[in-house]
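Report on one structure; see the data block that follows.
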Amino acid sequence: MPGTCVIGLQWGDEAKGKLVDILTEDHEIVVRYQGGANAGHTVVSNGQTWKLSLIPSGILRDNVVCVITGGVALDPASVIKEIDMLEGRGVRVEGKLRISDRAHLVFPWHVAEDKLLDGSLSGGEAIGTTGRGIGPCYRDKVGRSLAIRLGDLYRKEFRSRLEHIVGIKNQLLSGWQSSAASKPELLDAAAIHAQYMQYAERLRPYVADTTAYLLDAIEGGSRMLFEGAQGALLDIDHGTFPFVTSSNSSGVGVASGSGVPGRWIERVIGVVKAYSTRVGGGPMPTEQNNQISEHLRERGREYGTVTMRPRRCGWFDAVAARYTARLSGVDELAVMLLDVPAGLDELKICTAYDVDGKQTSHFPSHVDDLKKAKPVYETLPGWREDLTTVRSYDALPVAAKAYLARIGELLGRPVLTVSVGPDREQTIFCDRTAHEQKPWPRPQHRTPAND
Ligand code: GDP
Ligand code: IMO
Ligand code: MG
């Protein structure tokens, strides 16, 4: 079966982009199926850094088709900017990119609503969104009556629909004008129409029915790579709600976002950093505000790819990552940024939470319980060696190997890829046969006899 997917198991920025770029070598099609320009995926090769937001991280390779499906919240200005950036730097995009006509479009009102709504929440309540209009775009998608999809731009009804929606959005924004500290500007339907007509012309060569394309391709045996955006702890249904993004960013989102049934996915790679980071609001039990977080932030250059905000940093949380590995049906793990914790005397891994005096390995379903969770740590020895030039598992320091082994043991999946620097070359592939992989529990079907 030909599908592989790459899923972040934490709060995003696990270095999914780097891994997707590497795995693209063995795949023919790379698919972005959820999220939008809130994502920032970095690829470093031959000393050049590429920051991608909507276009799959496979685009840097030749002989690959990159697909943005209908599950993505598509900001046309962002995707055009990215196409221009890539072509300006010598990467061919035309003929290699397909964008779904089902993708819901981000409009200026979405960005305005995002900033107004999140900005109206005080201190600990603010989600701290990326301000890219993602939540409002998905809200209109689910609400249906105020939504416009990419395919709608090419139909004659577009203008009247836009005018109708702008009328309603202006009423909403006028309400905000009287109450919000920052007064939102009212929308000009004619100007937006002219702008989006230009976008429509620019995007015309890329627009396709990607659901049909992907189904034909997968049934025909194409090797397909699904690039998750964000991380599973930000999943709208299974993450740390309401401090999440507005799509299914865990493994459960692959089928709904792409239209390719889960039965075609044979390999799910769960990506984690060797520690934890989070951007924006919401609880993070293992967060550190001390020399440890400084060490991780400075060595890992932990500043947001999209917003440049400093990322919150802390110890590896195995309770959270085990939960998301199970949720996403992960087969194997990739542990990224293992070079970053070098120089710390000891490393801690959170193996349980203490909630109201009771120890548990259960990841709480309510954010207030997660806020109360005090991490229970296991301490492992650190290492001083610089790992950035290490290219084999055997050459890693004993303490680093023990740390990786413990992560694999706690998450119940083998660590098969290790990253020791941003560059493609700074990657270690581990021997699959060295790991005894326990199968996930199979369903125990009840029969009248054993019921
Ligand atoms: P993504 O959103 O999951 O694709 O991750 P980001 O690109 O937002 O953040 C990961 C950052 O870590 C990027 O700046 C990468 O260049 C960088 N990076 C990736 N792998 C490694 C690694 O093994 N070590 C170090 N030090 N940096 C890495
Ligand atoms: P990649 O794909 C890290 C976070 C935001 C905020 C919350 C909601 O690069 O891993 P949104 O704008 O989606 O409504 O913001 O989700 N967030 C991310 N954090 N990496 C990302 O993407 C993120 N995309 C959204 O910081 O807390
Ligand atoms: Mg990122």
Side-chain angles (χ1 to χ4, degrees), residues 6-22 32 34-45 48-54 56-57 72-73 75 106 110-111 113-115 117-118 126-139 227-236 239-247 249 271-284 296-312 334-342 386-388 390 417-428:
V6 168
I7 305 287
L9 297 184
Q10 295 159 315
W11 283 285
D13 303 326
E14 298 90 348
K16 301 174 291 295
K18 167 174 171 167
L19 192 62
V20 167
D21 166 66
I22 292 170
R32 262 293 302 276
Q34 47 74 227
N38 49 353
H41 296 181
T42 316
V43 178
V44 180
S45 78
Q48 288 203 65
T49 300
W50 305 85
K51 293 195 180 292
L52 297 158
S53 197
L54 279 157
S57 303
V72 168
D75 182 340
V106 174
H110 293 131
V111 176
E113 287 170 28
D114 197 359
K115 291 183 177 154
L117 289 173
D118 206 39
I127 297 167
T129 72
T130 57
R132 297 295 193 269
I134 303 299
C137 177
Y138 278 121
R139 184 168 52 230
E227 175 175 0
Q230 289 80 52
L233 293 169
L234 291 171
D235 186 287
I236 180 73
T240 54
F241 189 90
F243 301 99
V244 291
T245 191
S246 301
S247 63
S249 49
V271 192
V272 291
K273 277 183 186 171
Y275 48 96
S276 300
T277 64
R278 176 164 204 172
V279 207
M284 178 180 169
L296 297 172
R297 186 172 304 113
E298 293 318 312
R299 285 184 53 91
R301 298 202 195 117
E302 294 294 358
Y303 296 88
T305 311
V306 175
T307 57
M308 300 313 291
R309 290 178 287 181
R311 294 176 184 145
R312 299 157 65 190
V335 178
M336 314 301 275
L337 294 102
L338 187 69
D339 53 304
V340 173
D386 171 25
L387 304 190
T388 56
V390 176
T417 311
V418 179
S419 174
V420 291
D423 200 275
R424 274 179 189 169
E425 307 302 319
Q426 292 171 302
T427 313
I428 298 169

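All of these numbers come straight from a predicted model, not from anything done at the bench. Just follow the structure's listing: the first ligand is 1, and inside any ligand the first atom is 1. The first residue in the sequence is number 1, and the count goes up from there.
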Does [X] reach the side chain of [Y], with side-chain heavy atoms less than 4.5 Å apart?
X: Thr417; Y: Val335; result: no
X: Ile428; Y: Val390; result: yes
X: Trp11; Y: Arg311; result: no
X: Ser57; Y: Trp50; result: no
X: Ile7; Y: Val271; result: no
X: Glu227; Y: Leu52; result: no
X: Ser419; Y: Gln426; result: no
X: Arg139; Y: His110; result: no

Could you give the distance from [atom1] ([X]) to [atom2] ([Y]), rounded to the nearest 0.5 Å?
X: Phe241; Y: Ile236; atom1: CZ; atom2: CD1; result: 5.0 Å
X: Ser53; Y: Asn38; atom1: OG; atom2: CG; result: 7.5 Å
X: Thr130; Y: Asp114; atom1: OG1; atom2: CG; result: 6.5 Å

(request) Return the set of residues passing side-chain hydrogen bond (donor to acceptor under 3.5 Å, both in side chains) with Gln10 (not counting sequence neighbours), or none when no residue passes. (result) none
(message) Please report whether atom 11 (C) of ligand 1 has a protein non-hydrogen atom at a separation of less than 4.0 Å.
(response) no
(request) Kindly confirm or rule out an N or O of Lys51 lying under 3.5 angstrom from an N or O of ligand 1. (result) no
(message) salt bridge (Lys or Arg N to Asp or Glu O under 4.0 Å), that's the test. Do Asp75 and Arg132 meet it? Break it down for me.
(response) CA-CA 8 Å; Asp75 182 340; Arg132 297 295 193 269; over 6 Å; no
Option whose closest heavy atom lies nearest to [atom], chosen from [options]:
atom: atom 14 (O) of ligand 1; options: Asp339, Thr49, Thr427, Thr42; result: Thr42
atom: atom 27 (N) of ligand 1; options: Leu52, Val6, Leu337; result: Leu337
atom: atom 9 (O) of ligand 1; options: Arg311, Met336, Lys18, Lys16; result: Arg311

Look at [atom] and say which protein heavy atom is nearest, naming residue and atom and giving the distance to 0.1 Å.
atom: atom 2 (O) of ligand 1; result: Gly40 O, 2.8 Å
atom: atom 19 (C) of ligand 1; result: Ala15 CB, 3.5 Å
atom: atom 17 (C) of ligand 1; result: Pro422 CB, 4.2 Å

(message) Consider side chain to side chain contact (heavy atoms under 4.5 Å, CB included). Of Val340, Asp13, Leu338, which one does Lys273 pass it with?
(response) Asp13
Which atoms from ligand 1 have a heavy atom of [X] less than 4.0 Å away?
X: Val340; result: 26 (N)
X: Ser419; result: 20 (N), 21 (C), 22 (C), 23 (O)
X: Gly17; result: 4 (O)
X: His41; result: 1 (P), 2 (O), 4 (O), 7 (O)

So is [X] in contact with ligand 1, going by heavy-atom distances below 4.0 Å?
X: Gly421; value: yes
X: Arg301; value: no
X: Glu227; value: no

(message) So, at under 2.8 Å, which protein N, O or S atoms would a careful student list around the Mg ion (ligand 3)?
(response) Asp13 OD1, Gly40 O
(message) Is there a salt bridge (Lys or Arg N to Asp or Glu O under 4.0 Å) between Arg312 and Glu302? Walk through the geometry before answering.
(response) CA-CA 8 Å; Arg312 299 157 65 190; Glu302 294 294 358; over 6 Å; no
Less than 3.5 Å apart, N/O on ligand 2 and N/O on the protein: could you list those pairs with the distances?
| from | atom 1 | to | atom 2 | distance (Å) |
| --- | --- | --- | --- | --- |
| ligand 2 | 2 (O) | His41 | NE2 | 2.7 |
| ligand 2 | 2 (O) | Gln230 | N | 2.8 |
| ligand 2 | 9 (O) | Asp13 | OD1 | 3.0 |
| ligand 2 | 9 (O) | Gly40 | N | 2.9 |
| ligand 2 | 9 (O) | Gly40 | O | 3.1 |
| ligand 2 | 10 (O) | Asp13 | N | 2.8 |
| ligand 2 | 10 (O) | Asp13 | OD1 | 3.4 |
| ligand 2 | 10 (O) | Lys16 | NZ | 2.7 |
| ligand 2 | 12 (O) | Thr130 | N | 2.9 |
| ligand 2 | 12 (O) | Thr130 | OG1 | 2.6 |
| ligand 2 | 13 (O) | Asn38 | ND2 | 2.8 |
| ligand 2 | 13 (O) | Thr245 | OG1 | 2.6 |
| ligand 2 | 20 (N) | Asp13 | OD1 | 3.1 |
| ligand 2 | 20 (N) | Asp13 | OD2 | 3.4 |
| ligand 2 | 24 (N) | Gln230 | NE2 | 3.2 |
| ligand 2 | 26 (O) | Val279 | O | 3.1 |
| ligand 2 | 26 (O) | Arg309 | NH2 | 3.0 |
| ligand 2 | 27 (O) | Ile127 | O | 3.4 |
| ligand 2 | 27 (O) | Val279 | O | 3.0 |

(request) Applying salt bridge (charged side-chain N to carboxylate O under 4.0 Å, His left out), name anything that partners Arg309, two or more places apart in sequence or on another chain. (result) none
(message) Under 3.5 Å, is there a donor on one side chain and an acceptor on the other for Gln230 and Ser249?
(response) no
